[in-house]
Amino acid sequence: MTAIADEVRRRRTFAIISHPDAGKTTLTEKLLLYGGAIHLAGSVKARRAARHATSDWMQMEQERGISVTSSVLQFEYLGRAVNLLDTPGHADFSEDTYRTLIAADSAVMLLDNRKGVEERTRQLFEVCHRRRTPIFTFVNKCDRPGADPLQLLDDVERDLGLKCYPVTWPITSGDRFVGVYNRDTRRIHLFEKGEDHGSSRVETDVVTLDDPDVHERIGDSAYEQLMNDVELLDMAGEEFSPEAFLRGEVSPTFFGSALTNFGVEPFLAKFLELAPSPTSREASTGTVEPEDPHFTGFVFKIQANMDPKHRDRIAFVRVCSGHFEAGMQVKHVRTGKAMRLAAPTQFLARERTHIEEAWPGDVIGIHDRGNLRIGDTLSANGDLEFAGIPRFSPQHFSRILIGDPMKRKQLDTGLQQLSEEGAAQVFYSETYAGTTPIVGAVGQLQFDVLLHRLEHEYGVKARLEPMSYRFARWVLGPEADIRALSGGHGRTLVYDAKEAPLVLFDSEWTLRTTTEREKTLTFHDVAP
Ligand code: G4P
């Protein structure tokens, strides 16, 4: 096997999708702990403190090092090179969170065992689902009582249309969590709460179902309940289908507790076995195989450096094929220019390090002075271009106002460039003629970043006037019908930077009634 095929085969590039507070930070820390990337999972606290500094993101940036929108964590585990693409969560949720999923080969859907699928989970799932990304499910916080597991998985299936295949199953005795049953090995992993609150790895006791001690270890009622559950699961009779998993239709499901490390290791082991290594990607010239010796990659995120001392930006590039070597010359396909990738960065845990080489599935950070845009292809293989990264519909909208009307030109230039870069989206009302621009973002933090950059990079002090719209849909159909939408209550018609029409809605109700009523039109939550 060639070096490249070998490196591809051992890579796993994934992201965690979850609603805030489900335990993503905790699970991330634990995966790093098991991967040996950090020794004590104690930095969770520091990060959590940073997380709450909602408006003061400059401070967040200082505390968290390079990036508000965070980075990529790479670790080795059992001979595999694992890339965990960190998806911004709380206040720093932004369009980058969605874009990051485009760079991942699989995803782990993390659920709180009391809450199941929540709003943010649903939004992120939709992005994965559209791309048929294979999804694992980890039901977290099992150390404390949660919803009935069968009910929970039923809800996932009904809500998302995703079938869950339980690999492990929780065992409880009354309110007490006893352990998980592994359906693969037909063994029970016994839960014991560690002394150090999960800051080090745990060794679990494992017993078989017919172990003479099993009744004593888990209690008669828990045993009986487990036997019933196992029978029920087995009777459902579904064999796990790796093909259906790879098509994103069936999700191998695990129960555990990130906080106490319980169930993390069996999950990680199975994850490494099932998760796909980097696969082919569609490009303008056809399919690009990761083993192709020529380097190719695409930009999926651009991180503006907010530190005035370092005005450069970092473009995050997902390597799609070939062997990347520092200093190599590639083509920036959109502009046709050659670029030397001199000092790329890799992200190991929270440190930035310079790297010499990278392989398909890896992410490299390229220092950039404003040439690169989201979706751009870098190629050492001619003019091929990867399919662009979609624009996702924003959920927050504001008019953007300036005190000094003489700055209007700078404002327009700034908004145009920042929207091209993907920092926020800009819309104009249908009666555009120097009208007040509207900016749209997926998360509130994008607005803070936008205002900061307008001021520091374009010399425009602007302020925002929030609008009450909550949903946006691009609309396709006969122009007269689209125009007729502008008059409705609780909605407005706007145009994006490419003059494509969108409707903003103030509630789910207006969105639903409009989309149901307008038979000649189609509505899209991703730019068509
Ligand atoms: P997030 O990144 O998804 O937002 O979640 P995060 O890991 O920050 O966890 C959110 C809260 O859930 C934290 O509690 C965390 O300790 C708790 N948590 C995470 N995993 C588990 C688990 O397996 N079991 C239990 N019982 N709790 C879990 P917090 O109250 O916000 O902080 P702290 O007081 O624990 O520091």
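Every number for a ligand or one of its atoms is a count from 1 in the order of the listing. The structure presented is a predicted model; accordingly, all values stated were derived computationally and were not measured. Residues take their numbers from the sequence shown, with the count starting at 1.
Comparing heavy-atom distances from atom 16 (O) of ligand 1 across L259, N140, L27 singles out L259 as nearest.
Atoms of ligand 1 found under 4.0 Å from any heavy atom of K24, numbered from 1 in the order shown, are 1 (P), 2 (O), 3 (O), 5 (O), 7 (O). Within ligand 1, the atoms closer than 4.0 Å to a non-hydrogen atom of G23 are 1 (P), 3 (O), 5 (O), 6 (P), 7 (O), 9 (O), 19 (C), numbered from 1 in the order shown. The ligand atoms of ligand 1 that sit less than 4.0 angstrom from a heavy atom of P20 are 4 (O).
In this structure the side chain of L162 never reaches within 4.5 angstrom of the side chain of E157, judged on heavy atoms. With contacts defined as side-chain heavy-atom distances shorter than 4.5 Å, the pair R12/S277 qualifies. Using a 4.5 Å heavy-atom cutoff, the side chains of L27 and V264 are in contact. Using a 4.5 Å heavy-atom threshold, the side chains of L111 and T121 count as touching.
Looking at D143 against ligand 1, only its side chain comes within 4.0 Å, counting heavy atoms.
Of the polar atoms of R144, none of the N or O atoms is found under 3.5 Å from an N or O of ligand 1, judged by distance alone. Below 3.5 Å of separation, one finds an N or O of K141 facing an N or O of ligand 1. Geometrically, ligand 1 and C142 share no nitrogen or oxygen pair separated by less than 3.5 Å. In terms of N/O distances under 3.5 Å, ligand 1 is approached by T25. Residue G256 places no N or O, backbone or side chain, under 3.5 Å from any N or O of ligand 1.
When each of W169, F191, Y181, F138 is checked for a ring-ring contact (aromatic ring centres under 6.0 Å, His included) with F255, only W169 meets the rule.
Below 30°, between 30° and 60°, or above 60°: for W474 and F427 the angle between ring planes is above 60°, a perpendicular geometry. Below 30°, between 30° and 60°, or above 60°: for F177 and F262 the angle between ring planes is above 60°, a perpendicular geometry.
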